[in-house]
Amino acid sequence: MARYNFRAVEKKWQEIWENEEIFKTRNDFTKPKFYALVEFPYPSGEGLHVGHPRPYTALDVVARKRRLEGYNVLYPMGWDAFGLPTENYAIQTKIHPAVITERNINRFREQLKSLGFSFDWSREVNTTDPAYFKWTQWIFLKLFEKGLAYKKEMPINWCPRCKIGLANEEVVDGGCERCGHEVETKVKNQWMLKITAYAERLINDLDLVDYIERVKIQQRNWIGRSEGADVTFKIKDTEESLVVFTTRPDTLFGATYMVISPEHPVLERLKERITNLPDITAYQEQARRKSEFERSQLAREKTGVQVEGLKAINPVNGEEISIWVSDYVLMSYGTGAIMAVPGHDERDWEFAKKFGLPIIEVVAGGDVTEQAYTDTETGTMVNSGFLNGLDVQTAKAKITEWLREQGLGEPKVNYKLRDWVFSRQRYWGEPIPLVHCEKCGWVPVPEEELPVRLPQVTNYEPTDTGESPLAKIRHWVETTCPKCGGYAERETDTMPQWAGSSWYFMRYTDPHNDQALASKEALNYWLPVDWYNGGMEHTTLHLLYSRFWHKFLYDLGIVPGPEPYSKRTSHGMILGENNEKMSKSRGNVVNPDDVVAEYGADTMRLYEMFIGDFEKSVPWSTDGVRGCKRFLDRVWKLMEVVKPGDAYSPELEAKMHQTIKKVSQDYEGLKFNTAIAALMTLLNEINHVGSINEAEIKAFLILLNPVAPHITEEMWEKLGFEGMLNEQSWPTWDEEKTIEQTIEIGVQINGKVRGTITVNINDPQEAAKEKVMANEAIQKALDGKTIVKEIYVPGRIYNIVVK
RNA sequence: GCCGGGGUGGCGGAAUGGCAGACGCUACGGACUUAAAAUCCGUUGGGCUACGCGCCCGUGAGGGUUCGAGUCCCUCCCCCGGCACCA
């Protein structure tokens, strides 16, 4: 038997799969469908990383299994190709980003193909392709039409040295990722998407989907729903009032002052009445200069200034209370103003202590002179007029009702989720398809003129003002208004990388359609995605954004259901051999090309699936790779001991059924490591028996095929079996036959194993007991003891309690 | 601080409340070889031992429930991830 030549075999089958279009997905809408999706990569200049194939292999296993089970499977791949590294490289080298992108994509595609994934390459999508981003722009225009895209002054991260606006992910520890200079905030007029309008549905509809729990929890926390009430406080001697959001309206009698954010507009409106305006202005200035980083570092120590000349009225008791400005109150959450209840809120307590403000106890149970009492379960209301004696929950309901009757407040739900900052002042992104006309305002580019392409330029350097590099390309900027025909200017901001990835899974269903983002029939058939696997790092941004876009398109009647992904799972990272994150600077990067060249794609795939718990991080081990290679070599050698036979042999029958069950279930449950371990155990068993018959090896090869597709196809052919392996059916198991008739169980005395007996699975207790008592070791252990109790769990244990 | 997920051999990791350490790696011993690599066979949690009998200890720590706990309950420690003045 010739040694297994993985190089020749892998190349051979990859060519067959490609030439015969084995994994090409047909829009045959009569078959049951299965849509498997993995996050498409950003094609960086670094090439594929050994972490990429982990999720790709996992869903390739599932996709291949589903095909063998008779499903019409869609398992596509594409490129999330807009992005900063490419743009930065273009600035350095003066090479057009599109050229760099194409080069990188070619390299990625080649690397992925060498791993033998069953992607349908005819459906490849590329977010930077105008034929693709035409539809990204189209979706944006729909959002704009429905009032979900709006322009607003927003602070951005600004690096004064690079003169560039930075995305949040480019800010590392408060500094610029590229030069390390401290990042400032700069207010810019930005396009925003009103994702908050979908907050409630984004939370509630998590109940409709099968996501791993940690993903659901993280999304819920990120959206941050909280119930409470808006309460209106009049400002004395003015027509103005302050509305606050509170989750503790029950503590209203304990509100002894108010705090507003430094950016609160009332300060501007009432500046005539403020007697210490210079102090306020100075504080505002100081708060504005603080970077996000500083603000979080200084989070402990409270600062603030009293607004003199203004007093608020507590609506429940008419008390006059002071108003303060402090940056611990954020303009971006709630109303930018709070009622301070120092007795029952830690932040307010700290602030009150520092500035000597009154603290009133309104919920009994703690000692508010020592610390804020925040328990809402056990306290009783005191010093609270008509609320006295009630528990917190009842008081909340009662005061909320009272406020509503008095017209002083109403129940309110608030979210931590903010609207999505959608503008980037960059070149390498989808142009926002709007023009600004003096007369008509913001006007959408007509649909038939889409896509708005990026102009050809030679210089991608950003401007001094933080505007997009596009702003300098006057011939591109200057245009005519589609509405009035007058002079207008194009929007020069581009979209963030999250735009193209928010709907790519829809495009895969019908990727070459030039009439719509995809045909109605294709969307109705393929959506929702049946199984989407991706990184935890995308839980709060990509996953939420794409759910938002999908819901929006659902409302427009474009996609068939409310949720894009039926099931979401997540993989762990692959670390370097030294247990640290793989990176060039740490010098611990493993290149998949080297692994494929030395051990082959099947070994690479097998190892990545066997390496450990799929959901956890795990260090790479070159020795582990070799172990997987050895396993495949031993599988290859099975061909030397194949005997005829069209049914499982008595020696292996139970083991076969057990393994089919185990592997079938474990592939579905992300337990690839234990599925492979079961196949290894079976192989050991076969070698112990010394032979394998045709029925057995057929099943074995099909079970292994999703993980190691090349070697198993080759063996199938060499053994002269009919057709190709990928045309076969997934083996089934018979529950009855998984049960071993005779089994060895442990015998315990007082919970300690003292011996073993071999019993028939159907043996009654008396028969088992006979065998127990015949056992020498047990006899010895029982010598001189009195049996108190006996527990027999058939197939498990025989336990004797003695005194 | 809050919310998740975890602590099991030298390593990656297995274990519906029922013989802890499956499977793989490493290491060691043996076979084959002039030799090495590869391959094959064996051993591999710690300790004791009248070393092929058999005993004790052992799943982060301490308690508890149970005939029986890695698994369930309580208290605590440590590690990883996310959020972080969210009213």
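Lettering of chains follows the sequences in order, A, B, ..., and the numbering in each one begins at 1.
Among the candidates A:Arg547, A:Arg214, A:Arg568, the single residue satisfying the side chain to side chain donor-acceptor pair (under 3.5 Å) test with A:Gln219 is A:Arg547.
With P as the reference atom, B:G45 and B:C25 are 16 Å apart, rounded to whole Å. With C1' as the reference atom, B:G58 and B:C19 are 15 Å apart, rounded to whole Å. With C1' as the reference atom, B:C48 and B:A69 are 26 Å apart, rounded to whole Å. With both ends at atom C1', the span from B:C77 to B:A20 equals 24 Å, rounded to whole Å. Separating the C1' atom of B:G6 from that of B:G60 is a span of 11 Å, rounded to the nearest Å. Between B:U75 and B:G18, the distance separating the two P atoms is 25 Å to the nearest Å. Distance check on atom P: B:A31 versus B:C79 gives 49 Å, rounded to whole Å. Spacing of C1' atoms, B:G7 relative to B:U59, comes out at 9 Å, to the nearest Å.
Straight-line distance from the CG atom of A:Asp613 to the C1' atom of B:C11: 16 Å, rounded to whole Å. When the C1' atom of B:G24 is taken as reference, atom CG of A:Leu683 falls 13 Å away, rounded to whole Å. Atoms CD (A:Gln665) and P (B:U16) sit 12 Å apart, rounded to a whole Å. One interatomic measurement links the two molecules: CD of A:Glu640 to C1' of B:U39, which rounds to 12 Å at whole-angstrom precision. Between A:Asn5 atom CG and B:A38 atom P there is a gap of 19 Å when expressed in whole angstrom units. Taking atom NZ of A:Lys661 as the reference point, atom P of B:U16 lies 12 Å away to the nearest angstrom. Distance CD (A:Glu227) to C1' (B:A87): 15 Å, rounded to an integer number of Å. The CD-C1' distance, from A:Glu301 to B:A84, rounds to 18 Å in whole Å.
If you check every strand for non-hydrogen atoms under 4.0 Å, A:Ser226 touches sugar and phosphate atoms only. Using a 4.0 Å heavy-atom criterion, one finds that A:Asp348 contacts no nucleic acid atom at all. Residue A:Ile791 is in base contact, counting any heavy-atom pair closer than 4.0 Å across all strands shown. A:Ile217 comes within contact range of the sugar-phosphate backbone alone, with a heavy-atom separation under 4.0 Å but no base atom that close. A:Gly627 comes within 4.0 angstrom of the backbone, heavy atoms only, and of no base. At a threshold of 4.0 angstrom between heavy atoms, the contacts of A:Thr539 with the nucleic acid are absent. Contact annotation for A:Arg220: no contact, since no heavy-atom pair falls under 4.0 Å across all strands. Using a 4.0 Å heavy-atom criterion, one finds that A:Arg626 contacts no nucleic acid atom at all. Using a 4.0 Å heavy-atom cutoff across all strands shown, A:Thr756 reaches at least one base atom of the nucleic acid. Among the heavy atoms of the strands lying under 4.0 Å from A:Arg634 are primed sugar atoms or P, OP1, OP2 only; no base atom is included.
Nucleotide B:C83 is matched to B:G1 when pairs are restricted to Watson-Crick or G-U wobble geometry with both distances under 3.5 angstrom. Checking B:U71 for Watson-Crick or G-U wobble geometry (two distances, each under 3.5 Å) identifies no partner in any strand. The partner of B:A22, taking Watson-Crick or G-U wobble pairs whose two distances both stay under 3.5 Å, does not exist in any strand shown. Here B:G42 sits opposite B:C28 as a Watson-Crick or G-U wobble pair (both hydrogen-bonding atom distances under 3.5 Å).
In this model, no side-chain donor or acceptor of A:Lys416 finds a partner on the base of B:C83 within 3.5 Å. No donor-acceptor contact under 3.5 Å links the side chain of A:Asp623 to the base of B:C25. If you check distances only, the side chain of A:Arg796 does reach the base of B:U16 with a donor-acceptor pair under 3.5 Å.
For the pair A:Ile800 and A:Met773, the minimum side-chain heavy-atom distance is below 4.5 Å. By the 4.5 Å heavy-atom criterion applied to side chains, A:Leu544 and A:Ile223 are counted as neighbours.
Listed pair A:Asn684 / B:G24 meets the phosphate criterion, a side-chain N or O lying under 4.0 Å from OP1 or OP2. In this model, the phosphate group of B:A14 is approached by a side-chain N or O of A:Asn673 to a distance below 4.0 Å at OP1 or OP2. The shortest distance between the side-chain N/O atoms of A:Lys752 and the OP1/OP2 oxygens of B:C57 is below 4.0 Å. The phosphate of B:C25 (OP1 or OP2) has a side-chain N or O of A:Arg630 nearer than 4.0 angstrom.
By the rule that a glycosidic angle within 90° of 0 means syn, B:C51 counts as syn. In this structure, B:G12 is classed as anti because its glycosidic torsion departs from zero by more than 90°.
The residue among A:Gln218 and A:Ser621 whose nearest nucleotide of RNA chain B is located toward the 5' end is A:Ser621. Comparing A:Ala677 and A:Glu744, the nucleotide of RNA chain B nearest to each residue sits closer to the 5' end for A:Glu744.
Between A:His542 and A:His538, the ring planes lie perpendicular to each other; the angle is over 60°, past the 30° to 60° tilted range. Between A:Tyr798 and A:Tyr792, the ring planes lie tilted relative to each other; the angle falls in the 30° to 60° range.
If you check B:G18, B:C56, B:A87 against the side chain of A:Asn799, the one that comes closest is B:G18. Side chain of A:Thr674, nearest nucleotide from B:A14, B:C19, B:G12: B:A14.
Atom CD of A:Glu776 has 12 or fewer neighbouring heavy atoms from other residues, nucleotides or ligands inside a 6.0 Å radius.
Looking at A:Asn760, its side chain never comes within 3.5 Å of a backbone N or O of A:Thr742 through a donor-acceptor pair. For the pair A:Asn414 (side chain) and A:Ser226 (backbone), a donor-acceptor distance under 3.5 Å is absent.
There is a side-chain donor-acceptor pair under 3.5 Å between A:Asn533 and A:Thr569.
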